Amino acid sequence: LKQVFNKDKTFRPKRKFEPGTQRFELHKRAQASLNSGVDLKAAVQLPSGEDVNDWVAVHVVDFFNRINLIYGTICEFCTERTCPVMSGGPKYEYRWQDDLKYKKPTALPAPQYMNLLMDWIEVQINNEDIFPTSVGKCKEEVL
C-alpha cells in the first residue's frame, strides 16, 4: 500500500517548457487565454502561423498536469479497499492492458489503475518521437 501513496508517484512534478522556445510562448499564450474568461473555443483555436502539433502538445501536457493535480487531491480517499474497481459509474469498468505485464484487459483496483495510467501517459509525453522538445526558438512577438 505504501507504493500506492508514494508521494513521488502520486504528485508528479509539472513538465516544464524551456523558456525562449516556441512551445514556452505557446504555453504562456494558452495559460493567459484560459485565465482571462475568454471564449474557450477561441482559446483553443490554433494561433495564426503556429504548428498544430506544437499547439496540441502544449495542451496535452497542460491537461496532464491539471489532471495530475486533481488526482493528487482525491488519491488519499481512494484506496484498494475503498475503490477495488476502476469504474466510470455502475455501468462501466475500466480494465488495464499494456501488452507487457498485462497482456489481456485486467480488472485492477482504482489506485493501481491510475498509477499505471499516469506512468503510461508520462512515458508518452516524454517520448521524443511523439512529443519532440527540440523545436525552434520562438518568434519575437508581443502577446
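Numbering starts at 1 and runs along the sequence shown. Here the structure is a predicted model, which means the values were calculated and not measured.
- Looking at heavy atoms from C-beta onward, Arg95 lies out of side-chain contact with Thr106 at the 4.5 angstrom threshold.
- Taking CG of Leu117 as the start and CD of Gln112 as the end, the distance is 12.5 Å to the nearest 0.5 Å.
- If you chain together hydrophobic residues whose side chains sit under 4.5 Å apart, Met86 and Ile74 fall into the same group.
- Contact annotation: the side chain of Phe64 never approaches that of Val60 to less than 4.5 Å [non-hydrogen atoms, C-beta and beyond].
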Working for side-chain contact (heavy atoms from CB on, under 4.5 Å), residues Gln124 and Ile130: CA-CA 7 Å; Gln124 304 311 304; Ile130 301 171; 3.3 Å; yes
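- Contact between Pro111 and Cys78 at its shortest, heavy atoms only, is CG-O, 3.1 Å.
- When the side-chain hydrogen bond (donor to acceptor under 3.5 Å, both in side chains) test is applied to Asn127, no partner is found at least two apart in sequence or on another chain.
- For the residue pair Gln97 / Asp99, a side-chain donor-acceptor distance below 3.5 Å is found, with atom types taken as modelled.
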Evaluation steps, side-chain contact (heavy atoms from CB on, under 4.5 Å), between Asn68 and Met118: CA-CA 8 Å; Asn68 196 34; Met118 297 304 272; 3.3 Å; yes
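- Put simply, the side chain of Ser87 never gets that close to the backbone of Pro90: no donor and acceptor are under 3.5 Å apart.
- A search for side chain to side chain contact (heavy atoms under 4.5 Å, CB included) contacts involving Pro47 returns Leu26, Arg29, Glu50, Trp55, not counting sequence neighbours.
- When atom types are taken as modelled, the side chain of Asp62 and the backbone of Asn65 share no donor-acceptor pair closer than 3.5 angstrom.
- Remark: Asn115 CG to Trp120 CH2 distance equals 15.5 Å, nearest 0.5 Å.
- Tyr102 OH: more than 12 foreign heavy atoms inside a 6.0 Å radius.
- Here the straight-line distance linking atom CD1 of Ile121 with atom CD1 of Ile125 works out to 6.5 Å at 0.5 Å rounding.
- A search for side chain to side chain contact (heavy atoms under 4.5 Å, CB included) contacts involving Val52 returns Leu46, Val56, not counting sequence neighbours.
- Aromatic ring orientation, Tyr113 versus Tyr94: tilted (interplanar angle from 30° to 60°).
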